[in-house]
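Position 1 is the first residue of the sequence, and the numbers go up from there. If you're wondering where the values come from, they're calculated on a predicted model, not measured in any experiment. Atoms considered below: every heavy atom in the structure, side chains included; atoms not considered: hydrogens, waters and symmetry mates.
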Amino acid sequence: MHGEYKVPGGKLVTVDLATRDGVLAHVRVAGDFFLEPDDALVEIDAALTGLPVDTTTSRLADAIREHLAAAQDAGRLIGPVAMIGFDERAVAVAVRRALGRSTSWEDHSFEVIRPGPFPPALHTALDQVLTEELAAGRRGPTLRFWDWEEPAVVIGSFQSLRNEVDLEAAERYGITVVRRISGGGAMFMEAGNCITFSLVVPGSLVDGMSFEESYAFLNQWVLGALADVGVTATLSGLNDISSPGGKLAGSAQKRLVGGAVLHHVTMSYDIDAAKMLEVLRIGREKVSDKGTRSAAKRVDPVRSQTQMPREAVIDAFEAHFRARYPSVTGELRPEELERAEQLRVRKFADPAWTARVP
């Protein structure tokens with residue numbers, strides 16, 4: 001069995017191994033990394049040999065770390081171990097990939113869906129339905145772009161409704177409040193003012209990653225798509241994407257039992273900041289580092305930095321994703337839409353769900 005892992009910004013790690021009676025055998029780690037002293041490579045192989053095939057990524061990494069420390073204590077390794085361009089976790093991921101427990105983008109074919117405008121509550125219902133469909137094995141990985149016409153505020157699963165939203169202001173502006181299944185902060189959404197998309201992937205794609213690592217991993221392609229339209233962007237904080245002009249986007253996740261991950265991103269295109277700050281109870285401290293402190297009239301980092309229509313930006317994002325990862329054009333299935341509509345009525349448009357955290 002053979003597995004490979006390219007460390008982001010680092011080196012390639014490869015692992016060749018066999019299994020025997022449920023444990024790892026004949027483990028050989030290699031790559032274009034740097035390692036001192038030389039004998040540490042033999043010790044890494046020894047650390048992995050004999051471990052159960054279902055050993056988790058974190059435990060594999062710990063086993064390497066512990067074995068190297070023991071080898072130093074025993075005098076088999078002279079001097080400190082230096083792993084340059086890789087680390088214990090990178091080796092562990094390569095092992096998991098060799099075993100088929102961890103996957104890469106290239107191991108999957110992604111359906112790209114642009115279904116047209118839906119009510120925001122139907123979009124949040126589709127997030128749940130498509131994630132559950134993947135967990136059940138009835139759908140593959142999916143990238144779905146949102147479009148909508150009615151204004152809405154979409155709050156995170158754990159946010160307090162009254163702490164986040166001025167309900168009188170929302171009613172005055174005809175803005176619907178919807179609660180989604182993922183965590184994170186509120187999304188202020190009028191037609192055409194932001195770019196939102198959901199990515200549903202198997203848990204194997206982020207196998208062994210912390211939430212923080214998986215946010216960075218699943219947002220990397222977004223940085224490349226932004227570069228294609230002339231925006232220099234970086235990851236910031238746990239789940240944000242920023243440019244020199246301030247915050248561009250926020251992302252949120254939900255992981256389901258059964259091994260499916262929902263990851264979605266909302267990006268500011270051209271937001272009426274004055275209205276947003278009337279509707280959302282955002283304090284000065286919360287927005288002081290996000291480019292919205294003055295809240296003069298609009299927050300438009302994507303529009304102003306690209307000078308492109310919103311649809312053209314979305315087209316460029318789709319093209320970048322398709323060029324980067326195996327992709328096919330997909331569509332929502334009738335049974336998925338039917339179930340999402342049922343969830344919209346029974347859950348996401350239900351005041352009891354919206355106010356589940358009052």
Side-chain angles (χ1 to χ4, degrees), residues 1-110 141 201-210 212-221 223-224 235 259 261 323-326:
M1 301 175 183
H2 178 79
E4 298 183 354
Y5 178 66
K6 171 65 169 61
V7 179
K11 298 298 184 178
L12 178 70
V13 179
T14 67
V15 174
D16 292 280
L17 57 82
T19 62
R20 180 181 301 152
D21 299 326
V23 301
L24 306 182
H26 306 298
V27 180
R28 295 292 180 267
V29 176
D32 60 356
F33 49 75
F34 301 93
L35 176 64
E36 296 291 344
D38 284 357
D39 291 344
L41 187 62
V42 175
E43 298 294 345
I44 292 173
D45 293 343
L48 297 166
T49 300
L51 292 177
V53 295
D54 59 355
T55 304
T56 64
T57 304
S58 59
R59 182 62 200 125
L60 288 167
D62 286 344
I64 296 170
R65 198 172 295 113
E66 293 163 5
H67 187 95
L68 291 175
Q72 286 179 299
D73 291 342
R76 297 195 304 273
L77 296 176
I78 307 302
V81 175
M83 305 174 76
I84 304 166
F86 79 122
D87 57 16
E88 296 90 350
R89 184 186 162 282
V91 177
V93 171
V95 170
R96 297 276 294 182
R97 287 187 174 179
L99 293 167
R101 308 297 176 92
S102 178
T103 57
S104 66
W105 293 97
E106 290 71 24
D107 293 323
H108 305 283
S109 178
F110 293 81
V201 301
S204 61
L205 188 62
V206 294
D207 176 65
M209 297 182 191
S210 66
E212 184 172 12
E213 290 169 333
S214 66
Y215 274 112
F217 178 75
L218 295 175
N219 279 336
Q220 279 296 326
W221 77 271
L223 302 186
L235 304 175
V261 178
R324 189 164 180 160
Y325 306 126

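- In summary, of the residues considered (Leu12, Thr14, Val93), a side chain to side chain contact (heavy atoms under 4.5 Å, CB included) with Lys6 occurs for Leu12 alone.
- Note: Met1 CE to His26 NE2 = 12.0 Å, rounded to the nearest 0.5 Å.
- Here the closest heavy-atom approach between residue Asp87 and residue Met83 is recorded as C-CE, 3.7 Å.
- Note that NE2 of His67 is 8.0 Å distant from CG of Leu77, once rounded to the nearest 0.5 Å.
- To the nearest 0.5 Å, atom NE2 of residue His108 and atom CG of residue Leu205 are 5.0 Å apart.
- Heavy-atom contacts from other residues, nucleotides or ligands closer than 6.0 Å to CD of Gln220 number more than 12.
- Ring-plane geometry between Tyr325 and Trp105 is classed as parallel, the angle between the planes falling under 30 degrees on a 0 to 90 degree scale with a further cut at 60.
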(request) Could you check Leu99 against Leu24 for side-chain contact (heavy atoms from CB on, under 4.5 Å), going step by step and ending with a plain yes or no? (result) CA-CA 9 Å; Leu99 293 167; Leu24 306 182; 3.9 Å; yes
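- Within the 4.5 Å cutoff, the side chain of Leu60 has heavy atoms near those of the Leu48 side chain.
- How far CZ of Phe217 is from OG of Ser210: 12.5 Å, rounded to the nearest 0.5 Å.
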(request) Would you please test Val53 and Arg101 for side-chain contact (heavy atoms from CB on, under 4.5 Å) and show each step? (result) CA-CA 9 Å; Val53 295; Arg101 308 297 176 92; 3.9 Å; yes
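- The two residues Ile64 and Ala47 make their nearest non-hydrogen contact at CA-CB, 3.8 Å.
- For the pair Phe33 and Ile84, the tightest heavy-atom approach, listed with the atom from each and the gap, is CB-O, 3.6 Å.
- Nearest heavy atoms, Pro37 versus Pro80: CD-O, 3.8 Å.
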(request) Run the numbers on Leu35 and Val81 for side-chain contact (heavy atoms from CB on, under 4.5 Å), then give the verdict. (result) CA-CA 7 Å; Leu35 176 64; Val81 175; 4.1 Å; yes
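- Using a 4.5 Å cut-off on side-chain heavy atoms (C-beta onward), Val15 and Tyr5 make no contact.
- Taking every heavy atom of both residues into account, Trp221 and Arg324 meet most closely at CA-NH1, 3.3 Å.
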(request) Test Leu51 against Val95 for side-chain contact (heavy atoms from CB on, under 4.5 Å), laying out the working first. (result) CA-CA 11 Å; Leu51 292 177; Val95 170; over 6 Å; no
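- Within the 3.5 Å criterion, the main-chain N or O of Ala94 finds no donor-acceptor partner in the side chain of Glu4.
- The two atoms that bring Arg97 and Thr103 nearest to each other are NH2-O, 3.5 Å, heavy atoms only.
- Atom CZ of Arg96 and atom CG of Asp54 lie 8.0 Å apart (nearest 0.5 Å).
- Counting only N and O atoms by type, the side chains of Ser104 and Asp107 include a donor and acceptor under 3.5 Å apart.
- Interatomic distance, CD1 of Ile44 versus CG of Asp39, reported as 11.5 Å (0.5 Å rounding).
- Counting non-hydrogen atoms of other residues, nucleotides and ligands closer than 6.0 Å to CG of Asp21 gives a total of 12 or fewer.
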